[in-house]
Amino acid sequence: QVQLVESGGGLVQAGGSLRLSCAASGSISGIFGMGWYRQAPGKQRELVASITSGGSTNYANSVRGRFAISRDNAKNTVYLQMDSLKPKDTAVYYCNAQMRAKGWYTAVDYWGQGTQVTVSS
């Protein structure tokens with residue numbers, strides 16, 4: 001019922017750009033922190049960028065200056081603008097959000113299903 005749906009992944013050459021989107025849907029009463037994680041083959045999942053309900057952002061050092069996270073609360077959507085992409089950015093990217101369903105007392109973590117980003121040399 002409450003879910004996150006990602007889009008925007010694909011294949012791009014090094015130096016190119018992609019914009020990922022993640023839209024929340026369902027019976028939601030509140031959305032708090034949102035973020036993007038990624039998992040490359042043979043590696044653990046890592047935080048790429050996060051944004052609080054107040055708009056404060058944090059980035060992994062490896063993407064700072066190249067990626068930008070933003071959110072549109074009216075659309076219940078979080079974005080990840082990825083510029084100057086490198087082959088090392090190749091991974092499955094997952095959207096995460098802390099959301100409170102209508103009628104519930106607290107927020108819990110939700111995850112998208114992931115979208116593949118492949119950067120060729």
J.: Between CD1 of Ile31 and CG of Asn73, what distance do you get to the nearest 0.5 Å?
T.: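 Going from CD1 on Ile31 over to CG on Asn73, the span is 7.0 Å.
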J.: Working to the nearest 0.5 angstrom, can you tell me the gap between Arg71 CZ and Ser53 OG?
T.: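 Output value for this atom pair is 6.0 Å.
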J.: How far apart are the closest heavy atoms of Arg100 and Thr106, and which atoms are they?
T.: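 Looking at all heavy atoms of both residues, the closest pair is CG-O, 3.5 Å.
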J.: To check you understand the geometry: which heavy-atom pair defines the closest contact between Tyr110 and Ala101, and what is its length?
T.: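 Taking every non-hydrogen atom into account, OH-CB, 4.4 Å.
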J.: If you take all heavy atoms of Ser27 and Gln1, which pair is closest and at what distance?
T.: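 Result for this residue pair: OG-NE2, 3.8 Å.
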J.: Give me the other members of the hydrophobic cluster that Tyr94 sits in, counting Ile, Leu, Val, Met, Phe, Trp and Tyr linked by side-chain heavy atoms under 4.5 Å, directly or via other members.
T.: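 Result for Tyr94 is Tyr37, Leu47, Val92, Trp111.
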J.: Tyr93 and side-chain contact (heavy atoms from CB on, under 4.5 Å): which single residue from Met82, Gln116, Gln39 fits?
T.: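 Among Met82, Gln116, Gln39, the one meeting side-chain contact (heavy atoms from CB on, under 4.5 Å) with Tyr93 is Met82.
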J.: Ser56 side chain to Gly54 main-chain N or O, any donor-acceptor pair under 3.5 Å?
T.: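 A pair under 3.5 Å: no.
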J.: For residues Arg66 and Ser84, is any side-chain donor paired with an opposing acceptor at under 3.5 Å?
T.: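 Result is no, nothing qualifies.
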J.: Cluster question for you: counting only ILVMFWY and a side-chain heavy-atom cut-off of under 4.5 Å, with indirect links fine, are Tyr79 and Trp36 together?
T.: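 Unlinked, Tyr79 and Trp36 end up in two clusters.
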J.: Listing request: all disulfide bond (SG atoms under 2.5 Å apart) pairs with a residue in residues 34-74, at least two apart in sequence or in separate chains.
T.: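 Qualifying pairs: none.
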J.: If you look at every heavy atom in Val2 and Met99, which pair is closest and at what distance?
T.: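 Closest heavy-atom pair between Val2 and Met99: CG1-CE, 3.4 Å.
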J.: Any side-chain heavy atom of Ile69 within less than 4.5 Å of one from Val78?
T.: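 SC-SC contact between Ile69 and Val78 confirmed.
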J.: Using a 3.5 Å distance criterion without hydrogens, assess whether the side chain of Thr57 forms a donor-acceptor pair with backbone atoms of Ile51.
T.: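 It does not hold such a pair.
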J.: Return all side-chain donor-acceptor pairs below 3.5 angstrom for residues 5-20, not counting sequence neighbours, or 'none' if the list is empty.
T.:
from: Glu6; atom 1: OE1; to: Gln113; atom 2: N; distance (Å): 3.1
from: Glu6; atom 1: OE1; to: Gly114; atom 2: N; distance (Å): 2.4
from: Glu6; atom 1: OE2; to: Cys95; atom 2: N; distance (Å): 2.4
from: Ser17; atom 1: OG; to: Asp83; atom 2: OD1; distance (Å): 2.8

J.: What are the two closest heavy atoms between Lys102 and Ile28, and how far apart are they?
T.: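 Reported closest heavy-atom pair: CE-O, 3.5 Å.
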J.: Where is the tightest heavy-atom contact between Arg38 and Ser62, given as atom of each residue plus distance?
T.: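 Looking at all heavy atoms of both residues, the shortest contact is NH2-OG, 3.4 Å.
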J.: For the CG atom of Leu85 and the OG atom of Ser120, what is their distance to the nearest 0.5 Å?
T.: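 With rounding to 0.5 Å, CG (Leu85) is 10.0 Å from OG (Ser120).
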